[in-house]
Protein chains: 2
Amino acid sequence: MELVAMTQLDVTPVTDAPVKLGRKRDHSRDPEIMDAALDVLAETGYDGMTIDMVAARAKAGKATVYRRWSSKADLVIDAVACMKKGANDLDNLPDTGTLRGDLIGMIKPHAIHDNGRKLQIMAGVAAMVARSPELADAVNDAIVEPRAAVNRVLMRRAIDRGEIPADADIETLSLIGPSMTAYRTLVQRKPVDREFLISMIDTILLPALGLRPPADAAADA
Amino acid sequence: MELVAMTQLDVTPVTDAPVKLGRKRDHSRDPEIMDAALDVLAETGYDGMTIDMVAARAKAGKATVYRRWSSKADLVIDAVACMKKGANDLDNLPDTGTLRGDLIGMIKPHAIHDNGRKLQIMAGVAAMVARSPELADAVNDAIVEPRAAVNRVLMRRAIDRGEIPADADIETLSLIGPSMTAYRTLVQRKPVDREFLISMIDTILLPALGLRPPADAAADA
DNA sequence: TATATCCGAAACTGTGTAGTTCCGTATATA
DNA sequence: TATATACGGAACTACACAGTTTCGGATATA
């Protein structure tokens with residue numbers, strides 16, 4: 001008898017595959033919330049940012065935020081990580097035939113603005129990065145690495161066409177731009193404009209590679 | 001009549017110069033408290049730092065801290081500013097006869113450690129700097145400016161002895177070191193060791209100035 | 001030695017925010 | 001059209017920390 005009962009219980013499906021009705025979770029508000037989080041992060045920094053600010057800016061309820069992310073730290077890590085999607089496409093870089101032309105071709109108002117925002121966000125999470133390896137990795141993948149990657153590609157092409165020495169230390173040289181723009185924004189708090197970027201290319205990067213900027217370099221400014 | 005009364009009042013000393021007894025305020029604990037504040041700042045960042053932590057580390061009472069500084073922000077600004085006193089003395093810099101020798105002479109374990117601590121503090125206040133001009137100025141005077149100033153002096157001497165071109169852009173070039181070490185510490189979170197600093201000098205700074213590192217450069221590592 | 005004052009410690013207050021809960025409404029599915 | 005569910009909004013709890021107050025003990029001065 002007991003055996004029969006047990007068998008029946010075992011045969012009965014554990015879950016009844018109930019009919020699903022009503023609205024489905026579609027995560028459609030996630031981008032707005034993450035975008036709002038990045039804005040607040042850039043403006044007030046990690047500790048200054050409150051979930052209420054983020055929810056208000058995304059016109060969402062606080063509960064909606066917590067339905068998707070279990071904590072403020074989770075939201076920030078996710079928001080920073082999702083910036084990677086908007087990063088530069090390495091297959092559609094300028095190709096002018098010279099390293100200088102390619103580097104200057106990267107200087108567009110849109111790119112300058114994006115980099116500024118990324119650096120503001122960097123400043124906002126700088127203190128946190130030291131204590132959260134997860135956040136540190138997200139920042140590295142979404143902000144740090146993409147910047148250097150572009151320079152590496154452009155320099156590698158310059159090597160391929162024989163414009164610069166094959167043994168140039170691309171790893172180090174590709175960090176000059178990211179380093180100096182970060183320093184100028186975060187530490188010196190001076191604007192990173194077209195003029196500064198061109199002067200950096202012509203005064204440091206090209207000379208370090210043994211190249212001379214053209215005599216009419218001023219025409220680019 | 002009024003005049004007489006007024007005269008009497010004026011003649012009477014405003015304060016009675018009372019006899020002072022007891023212990024005098026000597027601010028003798030200020031250095032310990034500011035030092036503790038800098039330590040906590042480097043470890044936890046501005047928002048993570050609490051006055052209790054600072055007081056405990058300085059073996060002082062919280063009330064003692066508030067007797068001297070009216071707020072947490074005040075203490076941090078003062079502590080950062082007082083770092084300037086420990087900054088490099090521009091009159092006692094290495095003088096080896098070559099720019100490379102002078103630059104490498106600056107690389108001492110003590111200096112590497114100090115710079116690391118300063119950069120940790122920078123990271124801790126990075127988010128705050130954007131919203132407090134007072135703190136921004138303190139950081140600039142105590143951390144940012146002294147670093148570049150050393151390089152400027154060494155390069156100017158190199159110009160004077162005809163080692164590098166007189167029209168070299170010292171202002172920009174003197175920022176290569178500070179920028180790249182800051183980036184490496186704060187963003188990449190890699191160690192700034194002797195090897196990295198020498199490679200930066202030989203790969204970027206000297207080539208950008210038209211100099212070649214000696215063939216036996218590896219001997220310095 | 002007497003005393004005025006500072007000190008460290010600890011208790012206390014007020015505020016701000018992370019995270020939760022609840023509710024009336026909107027909406028996609030059946 | 002009916003309904004289950006997610007949504008925005010607001011109220012709520014728990015807690016951590018800035019800043020204040022209090023107090024017994026230490027200490028320099030007279």
Side-chain angles (χ1 to χ4, degrees), chain A residues 15-37 40-41 43-79 124-125 127-128 131-132 134-135, chain B residues 15-37 40-41 43-79 124-125 127-128 131-132 134-135:
Chain A
T15 59
D16 267 64
V19 179
K20 290 273 183 180
L21 286 183
R23 191 179 181 180
K24 273 180 202 155
R25 242 222 101 156
D26 59 1
H27 288 195
S28 63
R29 303 305 313 281
D30 289 7
E32 284 93 330
I33 294 173
M34 288 195 283
D35 236 47
V40 177
L41 213 51
E43 287 168 23
T44 71
Y46 181 89
D47 295 277
M49 157 181 161
T50 72
I51 302 292
D52 284 297
M53 287 183 202
V54 175
R57 179 165 314 214
K59 293 194 212 306
K62 205 169 155 182
T64 304
V65 176
Y66 277 105
R67 253 173 233 125
R68 173 74 174 74
W69 293 276
S70 66
S71 73
K72 175 176 165 179
D74 263 27
L75 168 60
V76 168
I77 289 171
D78 228 36
V125 299
M128 204 58 186
R131 267 158 292 132
S132 163
E134 256 190 312
L135 178 57
Chain B
T15 60
D16 267 65
V19 178
K20 290 273 181 179
L21 287 183
R23 193 181 182 180
K24 272 180 202 158
R25 220 200 128 129
D26 58 0
H27 289 195
S28 63
R29 302 304 313 282
D30 289 7
E32 283 94 329
I33 294 173
M34 289 195 281
D35 235 48
V40 176
L41 213 50
E43 287 168 22
T44 72
Y46 180 87
D47 295 276
M49 157 180 160
T50 71
I51 302 293
D52 284 296
M53 287 183 203
V54 175
R57 181 166 313 214
K59 292 193 212 308
K62 206 168 151 180
T64 305
V65 176
Y66 277 105
R67 253 172 233 128
R68 174 72 174 73
W69 294 275
S70 66
S71 72
K72 175 176 165 179
D74 263 27
L75 168 60
V76 168
I77 289 172
D78 227 38
V125 299
M128 205 58 186
R131 268 158 292 132
S132 164
E134 254 190 313
L135 178 57

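Everything numeric in this text was worked out from a predicted model, so none of it was measured. In what follows, chains are A, B, ... by sequence order, proteins preceding strands, each numbered from 1.
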Which nucleotide in the list [options] gets nearest to the side chain of [X]?
{"X": "A/Y66", "options": "C/dA18, D/dT20, C/dT27", "value": "C/dA18"}
{"X": "A/R29", "options": "C/dT27, C/dC7, D/dG8", "value": "D/dG8"}
{"X": "A/K72", "options": "C/dG19, D/dT21, D/dC7", "value": "C/dG19"}
{"X": "B/K24", "options": "C/dG8, D/dT20, D/dT29", "value": "D/dT29"}

Could you check B/R67 against A/H27 and say which one's nearest nucleotide on DNA chain D is further toward the 5' end?
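Of the two residues, A/H27 wins.
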Most 5' of A/A63 and A/D47 on DNA chain C, judged by nearest nucleotide
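Mapping each residue to its closest nucleotide by heavy atoms, the 5'-most match is A/D47.
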B/T64 vs C/dC7: side-chain N/O to OP1/OP2 distance below 4.0 Å:
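For C/dC7, OP1/OP2 do not have a side-chain N/O of B/T64 under 4.0 Å.
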Mind checking B/S71 for me? I need base, sugar-phosphate or nothing, with any heavy atom below 4.0 Å counting as a touch.
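Result for B/S71 = sugar-phosphate.
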Using side chain to side chain contact (heavy atoms under 4.5 Å, CB included), reason through A/I77 and A/S132 one step at a time and then give a plain yes or no.
CA-CA 10 Å; A/I77 289 171; A/S132 163; 4.3 Å; yes
Is any side-chain heavy atom of A/I33 less than 4.5 Å from a side-chain heavy atom of A/W69?
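Sidechains of A/W69 and A/I33: in contact.
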Taking side-chain hydrogen bond (donor to acceptor under 3.5 Å, both in side chains) as the definition, give me every residue that meets it alongside A/R23, ordered by chain and number, with sequence neighbours left out.
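Partners of A/R23 by the side-chain hydrogen bond (donor to acceptor under 3.5 Å, both in side chains) criterion come out as none, since no residue qualifies.
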Applying side-chain hydrogen bond (donor to acceptor under 3.5 Å, both in side chains), can you list everything that pairs with A/K72, at least two apart in sequence or on another chain?
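Here no residue qualifies.
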What is the separation between atom [atom1] on [X] and atom [atom2] on [N], rounded to the nearest whole Å?
{"X": "A/W69", "N": "C/dT20", "atom1": "CH2", "atom2": "P", "result": "15 Å"}
{"X": "B/I33", "N": "C/dA9", "atom1": "CD1", "atom2": "C1'", "result": "14 Å"}
{"X": "A/R23", "N": "D/dA6", "atom1": "CZ", "atom2": "C1'", "result": "5 Å"}

Could you tell me whether A/E43 and B/R131 make a salt bridge, using a distance below 4.0 angstrom between a side-chain N and a carboxylate O?
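So A/E43 does not pair with B/R131 through a salt bridge.
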Between atom CE of B/M128 and atom CD of B/E134, what is the distance when rounded to the nearest 0.5 Å?
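Spacing of CE (B/M128) from CD (B/E134) equals 10.5 Å.
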Where along residues 50-62 of chain B does a heavy atom fall under 4.0 Å from DNA chain C?
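Here the set is B/K59, B/A60, B/G61.
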Assess the residue pair A/R68 and A/D78 against the criterion (salt bridge (charged side-chain N to carboxylate O under 4.0 Å, His left out)); give the C-alpha distance rounded to whole Å, side-chain angles, the decisive distance to 0.1 Å, and a yes or no.
CA-CA 11 Å; A/R68 173 74 174 74; A/D78 228 36; 3.7 Å; yes
